[in-house]
Number of protein chains: 2
Amino acid sequence: MPGADRPARGARGPYANGERRRAEIVDAAMAVFAEQGYERTSLRDIAERAGTSHASLIHHFGSKAVLLRQVLQRRAELDRPVRAEAVRTAGLLDAAVEMMHRNARVPGLIQLDATLTVEALDPAHPAHEFFRQVYDDFAAEVLPELERERDAGRIRTDLPLPLVARQFVALIQGVQIQWLYDPGVDMAEHVRVWLELLRPARG
Amino acid sequence: MPGADRPARGARGPYANGERRRAEIVDAAMAVFAEQGYERTSLRDIAERAGTSHASLIHHFGSKAVLLRQVLQRRAELDRPVRAEAVRTAGLLDAAVEMMHRNARVPGLIQLDATLTVEALDPAHPAHEFFRQVYDDFAAEVLPELERERDAGRIRTDLPLPLVARQFVALIQGVQIQWLYDPGVDMAEHVRVWLELLRPARG
DNA sequence: GTCTATAGAGCGATAGAC
DNA sequence: GTCTATCGCTCTATAGAC
């Protein structure tokens, strides 16, 4: 199946080598951004990791900012199927527990999110809109799930759910940062306990 | 009373002008760090704000890292009396609601904390130990307060309080970042609702 | 498509006049 | 104690050979 829907040009489809090279560079950039953040990472750092020159990065992507956007897009693509499976089997809220457990085992992944999120607070940052949208979307996705849970009697009826949905985002964000300072922090357990707090009174 | 316990040298105490100048530079640095973070701020940016040259900053502080430490120390000194008063009148937990409400009105203050916190994740960063200590200390200070509240029957008895103490820190951190992305987020209300979640079941 | 060379700018820090 | 001048370095991005 791979490449079957493309006209052959050379051994693989068109631009196959160029696309593979670009993918290698994006992977290298993702790794180095995760270790050092965006601002502190130079094109030379990424080029060294990818086994090429910083000039070739510019050739392929045009600028460091564009490369960052490719990294964010790639990360979202990698996440989507894993996340979809977790949501399918556990529901959106409990899936977060599973996702945090899993993400903690991928070196640099959470540091990438935390570092870029805060760097991108500046509205002029190339990833500012991306993160604003990600958080808004996530809160908007969580809200109806919270309403369903409330209507099913599984969470308290006296809570301002739009605020609670946003608090879910904030909690995940904050727990990640505390975990980065102290790996003894159990991120999944934090989310689990917080979800427990939402449950109705049991006497 | 001011300066009375010092031998006069010139019109004011010793080093009076130098200390005033240093204080002005620290205030300027605090403002610019708050707007741009530490890494993205140059000594020239700070010097311009303070109305002097970047060389004079080095003269007074020796390095950019030392200047950052002075800023953090100054910020802690500014915070201490306000915080102490809030804790005295409201108790430690409710004081946080008050503090977040107040801090939201000081431009750049929360951005300073959030930006530096994440930049300082790197153990080699000049503020890494400072922030690790601040978060550990705060969680350690909150824990006995939570235990008192539990013993007084004001919060649930089935919660892992050491984790909850750390979650308080994480929540404040995360809510601040969400607020920076969307000023419509009501930080104090988030803390208030979370504290409400801790209360015992009421049927 | 990848390289070397380099432009052009900004950085932290230093030296030394005043 | 403050300045100008500058060092030595790093950065993003460009130019052009191959």
Side-chain angles (χ1 to χ4, degrees), chain A residues 9-29 32-33 35-71 115-116 119-120 122 124-127, chain B residues 9-30 32-33 35-72 115-116 119-120 122 124-127:
Chain A
R9 190 185 301 179
R12 264 171 299 268
Y15 319 119
N17 282 327
E19 282 178 11
R20 186 151 26 99
R21 197 82 192 91
R22 284 171 60 98
E24 284 167 10
I25 291 170
V26 169
D27 285 346
V32 185
F33 285 155
E35 288 167 13
Q36 308 182 341
Y38 174 74
E39 311 276 355
R40 279 188 277 191
T41 295
S42 70
L43 292 175
R44 284 166 177 82
D45 293 337
I46 300 165
E48 189 182 352
R49 180 77 62 109
T52 182
S53 70
H54 76 279
S56 97
L57 270 59
I58 296 287
H59 168 74
H60 281 299
F61 297 96
S63 77
K64 189 186 175 189
V66 170
L67 178 52
L68 170 63
R69 291 199 195 94
Q70 296 293 310
V71 166
T115 307
L116 290 182
E119 279 182 355
D122 176 1
H125 191 280
Chain B
R9 191 185 297 178
R12 263 168 300 266
Y15 319 119
N17 280 330
E19 283 177 10
R20 188 155 22 101
R21 199 80 193 92
R22 285 172 60 99
E24 284 167 10
I25 291 170
V26 169
D27 284 346
M30 185 153 43
V32 186
F33 285 154
E35 288 167 13
Q36 307 182 341
Y38 174 74
E39 313 275 355
R40 280 188 277 189
T41 296
S42 71
L43 291 175
R44 284 164 179 84
D45 293 338
I46 300 165
E48 188 183 352
R49 179 79 62 114
T52 182
S53 68
H54 77 281
S56 97
L57 272 57
I58 296 287
H59 168 75
H60 281 299
F61 297 96
S63 76
K64 188 186 174 187
V66 170
L67 177 54
L68 171 61
R69 291 199 196 91
Q70 296 292 311
V71 166
L72 293 173
T115 307
L116 290 182
E119 280 182 350
D122 176 1
H125 191 280

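Predicted model only: the values in this text are computed from it and were never measured. A, B, ... follow the sequence lines: proteins, then strands. Residue 1 opens every chain.
Using a cutoff of 4.0 Å between basic side-chain nitrogens and carboxylate oxygens, B:R40 and B:E35 are not scored as salt-bridged. Between A:E24 and A:R21 there is a salt bridge, since at least one side-chain N of the basic residue sits less than 4.0 Å from a carboxylate O of the acidic one.
Considering only side-chain N and O atoms, B:S42 lies under 4.0 angstrom from the phosphate OP1 or OP2 of C:dC11. Taking 4.0 angstrom as the limit, A:T52 places none of its side-chain polar atoms (N or O) nearer than this to OP1 or OP2 of C:dT2. OP1 or OP2 of C:dT2 lies within a sub-4.0 Å distance of a side-chain N or O belonging to A:R21.
Atom CD1 in A:I25 sits roughly 11 Å away from atom P in C:dG1 (whole-Å rounding). In this structure, the CZ atom of A:R40 is 22 Å from the P atom of D:dC9, given to the nearest Å. For B:Y38 and C:dG12, the OH to P distance is 8 Å, given to the nearest whole Å. Here C:dA13 presents its P atom at 10 Å from CG of B:L67, a figure rounded to the nearest Å. D:dT10 atom P lies 19 Å from atom CD of A:E39, rounded to whole Å. Going from atom CZ of B:F61 over to atom P of C:dA13 covers 13 Å, rounded to whole Å. What separates CD1 of B:I58 from C1' of D:dG1 is a distance of 15 Å, to the nearest Å. Atom CD of B:E48 is separated from atom P of C:dC11 by 11 Å (rounded to the nearest Å).
A donor-acceptor distance shorter than 3.5 angstrom exists from the side chain of A:R22 to the backbone of A:H60, with no hydrogens or angles considered. Within the 3.5 Å criterion, the main-chain N or O of A:L57 finds no donor-acceptor partner in the side chain of A:K64. Between the side chain of A:E39 and the backbone N or O of A:E119, no donor-acceptor pair lies under 3.5 Å.
A:H54 comes within 4.0 angstrom of a nucleotide base, judged by non-hydrogen atoms across all strands. Residue contacts shown for B:L43 are limited to sugar-phosphate atoms, with no base heavy atom under 4.0 Å away. Looking at heavy-atom distances under 4.0 Å, A:S53 makes contact with a base.
If you check C:dT2, C:dG12, D:dG1 against the side chain of B:K64, the one that comes closest is C:dG12. Checking C:dG1, D:dG1, C:dA5 against the side-chain heavy atoms of A:A55 singles out C:dA5 as nearest.
Projected onto DNA chain D by closest heavy-atom contact, B:H59 and B:R44 fall at different nucleotides, the more 5' of which corresponds to B:H59.
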